[in-house]
K.L.:
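Would you mind keeping the following structure in view while I ask a few things?
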Protein chains: 2
Amino acid sequence: MEESPLTDLEGAVLGLLWRSGPLTAYQIRTEFLHSPTSHWSGSAGAIYPLMRRLEEIGLVGSEEESTGRRPRRRYQLTAAGLAALRGWLAPPHPADAYTVLFDPLRTRILFLDALDSAAQRLFLEEAEAGLERHLQELEEIYRQIQESGDRPAVLATRAGILSTRARLQWLAELRAAVSED
Amino acid sequence: MEESPLTDLEGAVLGLLWRSGPLTAYQIRTEFLHSPTSHWSGSAGAIYPLMRRLEEIGLVGSEEESTGRRPRRRYQLTAAGLAALRGWLAPPHPADAYTVLFDPLRTRILFLDALDSAAQRLFLEEAEAGLERHLQELEEIYRQIQESGDRPAVLATRAGILSTRARLQWLAELRAAVSED
DNA sequence: CAGAGCATGTAAGAAGTTACATGATTGT
DNA sequence: ACAATCATGTAACTTCTTACATGCTCTG
């Protein structure tokens with residue numbers, strides 16, 4: 001029934017169903033759409049086929065609520081799905097869970113010297129401004145959901161804040177190092 | 001000639017060619033293989049077709065060094081390739097450059113309550129141990145390349161260290177929050 | 001009742017993964 | 001000379017993206 005390890009998208013979908021009861025594919029989609037990471041695109045072409053796949057291997061069940069209109073399919077976790085969710089959650093984790101995260105800015109900065117110094121300065125200014133802006137948003141979200149009492153979301157947002165601050169700190173160090181030549 | 005924006009893998013390949021002169025596909029592969037991020041798999045099936053693609057659109061050139069044996073193709077950056085590299089490096093950057101990075105641990109912790117409390121504790125222990133181990137490795141690498149004087153690599157490693165520390169700090173906060181129930 | 005936007009998909013194509021095949025070189 | 005490993009690929013498959021199609025619902 002459960003063949004290969006779940007992808008992170010599959011695991012997250014099972015997690016959403018576990019937390020928020022039966023959901024339609026569209027509702028799942030919008031959850032990802034509103035996430036502060038742009039890693040989760042929530043595109044239709046990803047979610048709809050994925051839901052069918054999960055149903056085929058028995059990790060979710062669905063029922064159609066056809067009130068005469070266009071079918072509206074609502075998915076919920078099966079017992080096998082809950083077991084698979086726990087298997088995905090628990091250690092051992094994939095290798096990339098503990099290694100350095102992928103960061104498009106860090107990747108580019110490896111080759112910063114390929115830009116002339118004016119462009120380098122522009123790069124660093126833009127990067128700091130962009131991260132600063134994003135940090136403000138995260139802190140605003142943090143305040144809101146702290147009131148809502150949604151603890152896992154609070155924790156995840158806190159992670160985003162700390163991680164973004166670390167990137168900003170790094171950029172500040174970098175700017176100091178660049179300007180001293 | 002240059003159609004769509006470069007992917008990060010394509011940009012990084014151009015960057016490697018810019019920094020390290022003409023390289024074979026295999027040499028590029030091993031650069032990625034040895035990177036401390038597991039995001040760069042450097043699999044043959046990714047690199048070889050990519051190099052052909054980059055050559056087709058004129059961003060790299062190649063010459064065959066056939067000394068009678070099996071062909072050995074060495075790629076170098078063209079003028080168009082350098083321009084494309086600079087376009088990829090310079091702002092404006094893709095949206096995901098400034099948003100929260102994708103973190104498999106954070107994603108899982110959103111659903112931590114689906115595990116029983118023993119499994120939760122195990123999760124947190126493993127995660128802290130795994131990150132701590134990785135941090136040690138990074139600091140060892142950091143010391144080595146600081147001596148080598150490879151500044152961009154030093155900076156990138158520094159970013160990995162700060163980011164990993166931020167994740168550890170978050171886990172420490174989390175453990176405190178979990179144990180107080 | 002017309003248009004906006006919500007909801008449910010599908011099709012074609014891009015990009016990467018795993019697994020395989022095979023030639024060349026090196027160490028013992 | 002034989003095995004191990006370095007090096008150069010290819011093929012099939014998986015997963016996601018972009019773009020499209022289409023039905024349903026609500027609002028002015």
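In what follows, chains carry the letters A, B, and so on, assigned in the order in which the sequence lines appear, proteins first and then strands, with residues in each chain numbered from 1.
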K.L.:
Looking at the side chain of B/L50, which of D/dT17, C/dG16, D/dC16 is the nearest nucleotide?
P.N.:
C/dG16
K.L.:
For B/L6 and C/dA14, what is the distance between atoms CG and C1' respectively, to the nearest whole Å?
P.N.:
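Computing the B/L6:CG to C/dA14:C1' distance gives 15 Å.
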K.L.:
Would you kindly give the CZ-to-P distance between B/F32 and D/dA7, to the nearest whole Å?
P.N.:
17 Å
K.L.:
Using a cut-off of less than 4.0 Å, is there contact between a side-chain N or O of A/S43 and OP1 or OP2 of D/dC16?
P.N.:
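Looking at the OP1 and OP2 atoms of D/dC16, neither is under 4.0 Å from any side-chain N or O of A/S43.
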K.L.:
Taking A/S20 for its side chain and A/L17 for its backbone only, find out whether a donor-acceptor pair lies under 3.5 Å.
P.N.:
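Side chain of A/S20 to backbone of A/L17: no pair is present.
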K.L.:
Any idea which heavy atoms bring A/A114 and B/R86 closest together, and the distance?
P.N.:
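The answer is O-NE, 2.6 Å.
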K.L.:
Minimum heavy-atom separation for A/L101 to B/P104, with atom names?
P.N.:
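Residues A/L101 and B/P104, closest heavy atoms: CD2-CD, 4.1 Å.
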K.L.:
A/W40 CH2 to D/dT17 C1': how many Å, rounded?
P.N.:
16 Å
K.L.:
What is the distance from CD1 of A/I47 to C1' of C/dT10, rounded to the nearest Å?
P.N.:
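So the two atoms are 15 Å apart, to the nearest Å.
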K.L.:
Shortest non-hydrogen contact from A/A12 to B/T107?
P.N.:
CB-CG2, 4.4 Å
K.L.:
In whole angstrom, what separates A/L33's CG from D/dC16's C1'?
P.N.:
15 Å
K.L.:
Can you run down the side-chain hydrogen bond (donor to acceptor under 3.5 Å, both in side chains) pairs that involve residues 133-146 of chain A, sequence neighbours left out, and say none if there aren't any?
P.N.:
A/E139-A/R165, A/E140-A/R143, A/E140-A/Q144
K.L.:
To the nearest angstrom, how far is A/D96 atom CG from C/dT17 atom C1'?
P.N.:
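Taking atom C1' of C/dT17 as the reference, CG of A/D96 is at 14 Å.
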K.L.:
For a quick check, with a 4.0 angstrom heavy-atom cut-off, what is the B/S/- contact string for nucleotides 3-9 of chain C, read 5' to 3'?
P.N.:
---SBBB
K.L.:
What heavy-atom pair brings B/A156 and A/R106 nearest, and what distance separates the two atoms?
P.N.:
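Scanning both residues completely, I find the closest heavy atoms to be O-CD, 3.5 Å.
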K.L.:
Taking only the side-chain heavy atoms of A/L9 (C-beta and beyond), determine which of D/dT17, D/dC16, C/dA15 contains the nearest atom.
P.N.:
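The listed nucleotide nearest to A/L9's side chain is D/dC16.
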K.L.:
Using every non-hydrogen atom in the two residues, find where B/R167 and A/T99 come nearest and quote the distance to one decimal.
P.N.:
NH1-O, 3.3 Å
K.L.:
Can you check whether B/E173 reaches A/L155 side chain to side chain, under 4.5 Å on heavy atoms?
P.N.:
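Side chain of B/E173 against side chain of A/L155, heavy atoms only: no contact under 4.5 Å found.
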K.L.:
To check you understand the geometry: which heavy-atom pair defines the closest contact between B/L162 and A/A166, and what is its length?
P.N.:
O-CB, 3.8 Å
K.L.:
Using the C1' atoms of five pairs at each end, what's the angle between the two axes of the helix from C/dC1-D/dG28 to C/dT28-D/dA1, to 10 degrees?
P.N.:
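Result, rounded to 10 degrees: 20°.
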